[in-house]
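So the structure is just underneath, and the comments pick up after that.
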Amino acid sequence: MADIQVTINGAVHGLPEGSRVQAAFQAAKVPAKGPQKPLAARFDGELVDLSFSLTKGGELAPVDQSDPAALDILRHSVAHIMAEAVKEIFPEVKVTIGPAIENGFYYDFDKAEPFTPDDLGRIEERMREIVKVAQPFQRQELTALQAVEFFKDRGEDYKVELIEDLVRDQGVRRVSLYRIGDFVDLCRGPHLPDTSWGGSFKLLSVAGAYWRGDEHRPMLQRIYGTAFFNRKDLDEHLHLLEEAKRRDHRRLGRELDLFSVSDEVGGGLIIWHPKGALLRVTLEEFERQEHLRRGYDIVMGPQILRTELWKRSGHWDNYRDNMYFTEIDGQGYGIKPMNCLAHMFIYRSQLRSFRDLPLRFFELGTVQRHEKSGVLHGLTRVRQFTQDDAHLFCTPETLDGEIKGILDFVTDLMGAFGFEFEIELSTRPAKSIGSDEAWNLATTALETALKDKGVPYEINAGDGAFYGPKIDVKLKDALGRRWQCSTIQCDFTLPERFDLTYIDNDGQKKRPVMLHRTIFGSLERFIGILTEHFAGAFPTWLSPEQARVLTVTSRADETAREARARLRKAGLRAEADLRNEKLGYKIREAQMQKVPFMLVLGDKEVENGTVAVRRRGGEDLGVMTLDDFTSLAEAEARPPRWD
RNA sequence: GCCCACAUAGCUCAGCAGGUAGAGCACAUCCUUGGUAAGGAUGAGGUCAUCGGUUCAAGUCCGAUUGUGGGCUCCA
């Protein structure tokens, strides 16, 4: 057999044609033990199995645990192991697909009876046995026709459909199958060398999921799980899940007495309690001031607008199912799901000159959207919410600068909370209005601004709003979870539909461009995210209660009342705990309520005119006068500013 | 909207071979005046989500409705 030249780690090795990757690695003395032990390989950049036979020369690189692709290979392989276990225990089940996902994997099964928690335990047990005996992943290639026959014989209709689609949509002629034990699955691979690698896994939950994500197709049973290369990483991940549960804003919202929802009031409708409302208005006031500073005007529109307007804007055709409608004196009205219409009417209330532009209208606009019942979730998915919404009207010449200004605004505000973010550019969806030309202009404008700013972004094809493309900002919270908040949408269409114009310097009537944008997105959602991000320990400037005076005995009551009054006069949100309880009890409670500062007042302090200051978390700041405390607390008790 | 699970005191939960409810925390009263994460005693508090069915008898079994949770689809 002819030799082929394979380059491994920079060194060229001559190998017989048809050699397996594994043998090549042996020849190149790639470690076969320890963390550098390869589990797969890259051949000229393509991921392949260790059992792959090399039929031509090329560049071969080992893929070990540290490789970015390694975890996906592991998880996908564990999904196969799970499917094998499921098929053994429930032979009547039909298998579908089982990919690796961000934090683990899932596999969808067609099974008449749903899996019970007991079933999960049995499956997990069987998986551990499979892992123990180190079944090899064996790859086999068949023609598409052979594969269809193979799966038809086994009654695996979903696999048959997948192959038929591959043939039809991608012209695929040959497909690969992977076998472990008696379980054979259609799969591109690559996979682990054998099942012994998959030891650190855990099955997490069962859920319904539509076949191919289509709500008109059958509902399948999905099992979620996760897997890591070692026990430690798995435990860390499970701990993170626990931590997320501990930080759940619905739980903290109740414990900190921020808000509630009531089934008597209705799903997805938030009731703000005093502390939550205080937090919210603090956030709102911060934003109002920051908008005024950046040249925005504050405006307010009505809650309902005539149905004709929603028809003209395109909402009736594109968004009607999500809207509430009502009738007054025989006249139809739509409750606003967005704030843009009234802002356009403010624009239209005068003849505008190019000198007036840009106009930036800002509204904390409360909108109603009829969300499907199954999607409601705490503060993050509700039916009535308030957007920090603005519409900017500008000339095509100044559009670029306005988009960049918004990007800076987003960066500042997200930075104020310690959020990092990622950006997506969403392009024209199937259901949309406006000309191709307008869409291209708008998309290019957003893209150019991102490029000029040097901001990395990804394209999210077909996910734009119906009236224009958008930049979506996904912020990352303290646990690394991503949330959609800010959005910047570029719109050439609504100005057209509502005949917005300005007189340009050549005396001609021209069409302004409209930017829709939010920064926090929805106050409700943002507060939910903040709550989880800070685990309820909000920065001092946002904390509903910033300082609490704690008395040691009732002899300090009078002084404590005076102290509270002085703190409030100094602009701090202060309370006093005068209850007949021990200091330890009061500390514990203030700590659980995440009050940033605790001021202890006992006989000594009363006598010396001081307080003993303790920070949330336990740090002892020592004994000081009230004035010293207020000047110490002042900086962090004020909202951030960029001057 | 769809799949599954769940719904008992303000909160977290127990109760189940169907025989008319229990704990801890919180709350109230009293005692305790105690220095940095829970002092003690006593007490009050529930038409067991709603409606209907089976049964001599239903928190417990069955059905429907509403709501919640985990997902799917959708989305700020």
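Proteins get letters first, then strands, A, B, ... in listed order; numbering begins at 1 in each. Hydrogens, waters and symmetry mates play no part in the numbers below; they use all other heavy atoms, side chains included.
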Within the structure shown, what part of the strands sits under 4.0 Å from A/Gln591 by heavy-atom distance: base, sugar-phosphate, or nothing?
base

Cation-aromatic face contact A/Lys594/A/Phe538, 6.0 Å, 45 degrees
no

Listing time: all N or O pairs from protein to nucleotides 9-11 of chain B that are below 3.5 Å?
unit_1	atom_1	unit_2	atom_2	d
B/C11	O3'	A/Arg254	NE	3.4

I'd like to check the ring pair (Phe, Tyr, Trp, His ring centres under 6.0 Å) partners of A/Phe409; sequence neighbours left out, ordered by chain and number.
A/His291, A/Tyr296

For nucleotides 38-40 of chain B, print each protein N/O atom paired with a nucleotide N/O atom at under 3.5 Å, atom names and distance only.
unit_1	atom_1	unit_2	atom_2	d
B/A38	N7	A/Arg588	NH1	3.3
B/A38	N6	A/Arg588	NH2	2.7
B/A38	N1	A/Arg588	NH2	2.7

Check the side chains of A/Gln387 and A/Asn339 for a donor-acceptor pair under 3.5 angstrom, ignoring hydrogens and angles.
yes

If I pick the P atom on B/U50 and the same atom on B/A58, what distance separates them, to the nearest angstrom?
15 Å

Between the base of B/G1 and the side chain of A/Glu371, is there a donor and acceptor pair under 3.5 angstrom?
no

Summarise protein proximity over nucleotides 67-72 of chain B in one line of letters, 5' to 3': B for base, S for sugar-phosphate only, - for none, counting protein heavy atoms closer than 4.0 Å.
SSSBBB

Could you tell me how far apart A/Arg517 (CZ) and B/A76 (C1') are, to the nearest whole angstrom?
13 Å

Distance under 6.0 Å and angle within 45° of the ring axis: does A/Lys111 meet both against A/Phe115?
yes

Does any donor-acceptor pair link the side chain of A/Arg555 with the base of B/U33 at a separation under 3.5 Å?
no

How would RNA chain B look in dot-bracket form, 5' to 3', counting Watson-Crick and G-U wobble pairs with both distances under 3.5 Å and writing | for bases paired to another strand?
(((((((..((((.....[..)))).(((((.......))))).....(((((..]....))))))))))))....

May I ask you to check if A/Arg222 and A/Tyr106 form a cation-pi contact, with NZ or CZ under 6.0 angstrom from the six-membered ring centre and within 45° of the axis?
yes

Can you tell me how far P of B/U73 sits from OH of A/Tyr106, to the nearest Å?
8 Å

Students often get this wrong, so: under 4.0 angstrom with heavy atoms, is A/Asp620 touching a base, only sugar-phosphate, or nothing?
nothing

For A/Ala612, which contact category applies under a 4.0 Å heavy-atom criterion: base, sugar-phosphate, or nothing?
base

In whole Å, what separates the P atom of B/C51 from that of B/G59?
12 Å

I'd like a list of close polar pairs between nucleotides 28-30 of chain B and the protein, N/O only, cut-off under 3.5 Å.
none

Which part of the nucleic acid does A/Lys245 contact within heavy-atom distance under 4.0 Å: base, sugar-phosphate only, or nothing?
nothing

Base, sugar-phosphate alone, or nothing: which one does A/Lys586 contact when heavy atoms must sit under 4.0 Å apart?
nothing

